[in-house]
Amino acid sequence: MTLSMKDKILKRFLLASGEPISGQYLADELGISRTAVWKHLQSLQEDGYTFDTIKKKGYLLTNKLDRVDAASIASFLSTERFGQSIHYLDECASTQTIAHELARNGAKDGTIIIAESQTAGKGRMSRPWESTKGKGIWMTVIIKPDVLPHQAPQFTLVAAVSIINAIKSLYSNFTPVIKWPNDILVNGLKCTGILTEMIAEMDRVQALLIGIGINVNQQQEDFPEELHTIATSLSIEENRVLNRAELVGTILNYLENYSDLYVKEGFGPIKKLWEEASGTIGKQIKATTLTEVIEGKAIGITESGVLEIQLDNGEVRSIYSADIELNE
């Protein structure tokens with residue numbers, strides 16, 4: 001992973017589990033002078049990190065900032081490609097817009113763009129996405145799988161399965177479910193949206209841009225009033241403050257694994273995982289497409305990720321894109 005020297009030093013402290021590290025050890029390991037180590041520690045203190053000096057033992061990191069910067073994420077990664085290049089921003093209009101530019105200029109497979117806040121975050125159909133500063137995960141992952149353009153929409157489902165399994169592996173007080181095609185809900189409220197966009201030629205995908213927005217540490221007062229009955233956060237449901245960098249790293253570990261599984265074995269294994277985590281399958285739903293409203297029972301997804309609805313008369317309709325509501 002390409003980290004700056006300052007980030008390499010911070011990563012060492014984050015992985016030290018509260019143990020002091022000597023300046024000489026850092027200097028020897030990283031091939032820099034003790035003075036350079038000291039200057040980087042000064043810079044980290046200016047960023048808000050604090051260190052105590054322990055006699056004859058070295059420096060001790062005494063606080064961990066809740067940031068989703070490269071060093072914080074790197075300490076939770078076990079990937080070969082995903083997250084090995086991280087573009088971290090305090091604020092941007094949209095990580096998706098930056099990803100488009102980077103992807104067209106040769107960004108590597110698994111590059112991520114992540115921001116503490118977005119001023120113009122967007123969801124499906126260009127709907128605005130509320131991106132509270134320092135409380136959520138607002139990121140885009142650039143992936144370059146060897147797939148055909150018509151397979152691109154299935155990567156929204158690959159991402160959903162990755163996120164849901166990352167959440168389940170870290171938290172135990174709630175059960176998230178996937179709402180077809182691109183939302184994750186907890187107790188009927190939305191906590192995650194996924195937006196997949198494609199850069200492609202006629203017969204080849206150049207890059208897929210997987211935008212992921214997750215409400216992590218918001219409390220109810222952080223949401224606009226109109227979202228109080230629609231949205232929730234993982235922190236509200238888990239009833240504690242969560243480590244956002246840990247969740248990002250865990251998602252990227254799953255996303256690399258499941259993307260590779262898809263390329264190797266096709267959609268079958270992903271389809272099984274998706275249906276196990278679905279909150280849509282087996283339910284009476286109303287699907288609103290651009291041209292009509294279809295009501296019936298969601299009976300599954302096809303081998304290409306298309307939702308199938310069985311009408312009251314037994315007819316099965318295939319839904320490629322729609323807004324879905326449960327008919328209680």
Side-chain angles (χ1 to χ4, degrees), residues 1-91 95 110-117 133-139 141 162-163 166-167 169-171 212 214 216-217 234-235 238 240-257:
M1 181 174 190
T2 313
L3 289 175
S4 68
M5 189 58 70
K6 185 169 87 170
D7 277 341
K8 285 179 181 178
I9 290 171
L10 176 57
K11 182 184 174 184
R12 295 296 189 283
F13 280 102
L14 292 172
L15 290 172
S17 302
E19 293 296 318
I21 306 175
S22 79
Q24 189 62 56
Y25 173 83
L26 285 170
D28 292 345
E29 186 187 22
L30 298 170
I32 58 176
S33 68
R34 284 284 302 271
T35 304
V37 170
W38 184 81
K39 284 181 177 176
H40 286 304
L41 289 175
Q42 290 291 107
S43 179
L44 287 167
Q45 289 188 103
E46 287 166 13
D47 290 344
Y49 292 94
T50 57
F51 298 88
D52 282 349
T53 304
I54 311 295
K55 196 172 181 181
K56 295 187 177 178
K57 290 190 174 180
Y59 303 100
L60 177 68
L61 177 66
T62 54
N63 71 329
K64 291 184 181 180
L65 301 181
D66 178 27
R67 288 190 179 158
V68 284
D69 54 26
S72 300
I73 293 168
S75 59
F76 296 104
L77 284 177
S78 59
T79 58
E80 292 181 3
R81 307 183 313 283
F82 285 33
Q84 298 302 310
S85 176
I86 296 174
H87 297 259
Y88 168 73
L89 302 148
D90 185 60
E91 182 178 282
T95 60
T111 295
I112 80 164
I113 303 90
I114 191 162
E116 295 292 351
S117 69
K133 186 176 180 69
K135 296 289 183 82
I137 291 169
W138 326 121
M139 74 173 175
V141 186
S162 303
I163 295 164
I167 290 171
S169 75
L170 294 174
Y171 317 125
I212 298 170
I214 306 177
V216 183
N217 280 327
L234 301 180
S235 175
E238 186 70 0
R240 63 184 173 95
V241 176
L242 307 176
N243 184 327
R244 292 181 298 141
E246 180 182 34
L247 180 55
V248 172
T250 308
I251 289 168
L252 293 172
N253 295 339
Y254 275 102
L255 188 57
E256 180 175 279
N257 183 20

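We use all heavy atoms of the structure for the numbers below, so side chains are in, but hydrogens, waters and symmetry mates are not. Along the sequence shown, the residues carry numbers beginning at 1.
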Undergrad: Answer whether the closest heavy-atom distance between the side chains of Y88 and R67 falls below 4.5 Å.
TA: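 A side-chain contact under 4.5 Å exists here.
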Undergrad: Out of curiosity, S22 OG to K57 NZ, how far, rounded to the nearest 0.5 Å?
TA: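 With rounding to 0.5 Å, OG (S22) is 12.0 Å from NZ (K57).
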Undergrad: For residues I251 and I214, determine if any side-chain heavy atom of one lies less than 4.5 Å from a side-chain heavy atom of the other.
TA: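 Sidechains of I214 and I251: in contact.
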Undergrad: Is there a side-chain contact between L10 and H40, using heavy atoms and a 4.5 Å cut-off?
TA: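 When only atoms from C-beta onward are counted, H40 and L10 do not touch, as no gap falls below 4.5 Å.
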Undergrad: Count the heavy atoms of every other residue, nucleotide or ligand shown that sit under 6.0 Å from NZ of K39, and state whether that count exceeds 12.
TA: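 It does not: K39 NZ has 12 such atoms or fewer within range.
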Undergrad: Keeping N257 on the side-chain end and N253 on the backbone end, is there a donor-acceptor pair under 3.5 Å?
TA: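 Looks like no, no N/O pair under 3.5 Å.
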Undergrad: Can you tell me how far the CD atom of E246 sits from the CG atom of L77, to the nearest 0.5 Å?
TA: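 Atom-to-atom, E246:CD and L77:CG are 11.5 Å apart.
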Undergrad: K8 and L3: which non-hydrogen atoms are nearest, and at how many Å?
TA: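 Result for this residue pair: CE-O, 3.5 Å.
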Undergrad: Which atom names give the shortest non-hydrogen contact between V37 and I32, and what distance separates them?
TA: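 Closest heavy-atom pair between V37 and I32: CG2-CD1, 3.7 Å.
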Undergrad: Among side-chain atoms of N63 and T50, is any donor-acceptor pair under 3.5 angstrom?
TA: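 T50 and N63 do have a side-chain donor-acceptor pair below 3.5 Å.
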Undergrad: Quick one: closest heavy-atom pair of S72 and F76, and the distance?
TA: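 Minimum heavy-atom contact is O-CD1, 3.3 Å.
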Undergrad: Among I212, I113, I73, whose side-chain contact (heavy atoms from CB on, under 4.5 Å) with M139 holds?
TA: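 That would be I212; it is the only one of I212, I113, I73 passing the side-chain contact (heavy atoms from CB on, under 4.5 Å) with M139.
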Undergrad: Would you give the length of the straight line joining atom CG of L255 to atom CD1 of I163, rounded to the nearest 0.5 angstrom?
TA: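 With rounding to 0.5 Å, CG (L255) is 7.5 Å from CD1 (I163).
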Undergrad: State, yes or no, whether a side-chain contact exists between E116 and R244 at a heavy-atom distance under 4.5 Å.
TA: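 Yes, their side chains come closer than 4.5 Å.
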Undergrad: Any donor and acceptor pair, going by atom type alone, linking the side chain of E238 with main-chain N or O of Y171 inside 3.5 Å?
TA: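 Judged by distance alone, no pair lies under 3.5 Å.
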Undergrad: If every non-hydrogen atom of R81 is compared with every non-hydrogen atom of E256, which pair is closest and at what distance?
TA: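 R81 and E256 have their closest heavy atoms at N-OE1, 2.7 Å.
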Undergrad: For residues V248 and L252, determine if any side-chain heavy atom of one lies less than 4.5 Å from a side-chain heavy atom of the other.
TA: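 A side-chain contact exists here, since the closest heavy-atom pair is under 4.5 Å.
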Undergrad: If you draw a 6.0 Å radius around CD in E80, do more than 12 non-hydrogen atoms from other residues or ligands fall strictly inside?
TA: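 For E80, atom CD is not crowded (no more than 12 foreign heavy atoms under 6.0 Å).
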Undergrad: Can you find a heavy atom in the side chain of L234 that is under 4.5 Å from one in the side chain of L247?
TA: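 A side-chain contact under 4.5 Å exists here.
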Undergrad: Can you give me the closest heavy-atom contact between S169 and Y254, atom names plus distance?
TA: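 Heavy atoms of S169 and Y254 come nearest at CB-OH, 3.8 Å.
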Undergrad: Quick one: are L44 and L61 in side-chain contact, heavy atoms under 4.5 Å?
TA: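 No, too far: nothing below the 4.5 Å cut-off.
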Undergrad: Nearest 0.5 angstrom please: S33 OG to Q24 CD, how far?
TA: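 Those atoms lie 10.0 Å apart.
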Undergrad: Any heavy-atom pair between the side chains of Y59 and I21 that's under 4.5 Å?
TA: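 Side chain of I21 against side chain of Y59, heavy atoms only: no contact under 4.5 Å found.
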Undergrad: Measuring centre to centre across the rings, with the benzene-like ring taken for any Trp, is F13 within less than 6.0 Å of F51?
TA: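 That pair passes the under 6.0 Å test.
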Undergrad: Kindly compute the distance separating CD1 (I86) from CD1 (I112), expressed to the nearest 0.5 Å.
TA: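 Reported value, rounded in 0.5 Å steps: 4.5 Å.
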Undergrad: Give, for atom CG of L89 and atom CD1 of I114, the distance between the pair rounded to the nearest 0.5 Å.
TA: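 L89 CG to I114 CD1: 10.0 Å, rounded to 0.5 Å.
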Undergrad: Search all heavy atoms of A245 against all heavy atoms of V68 and return the closest pair with its distance.
TA: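 For A245 versus V68, the nearest heavy atoms are N-CG1, 4.0 Å.
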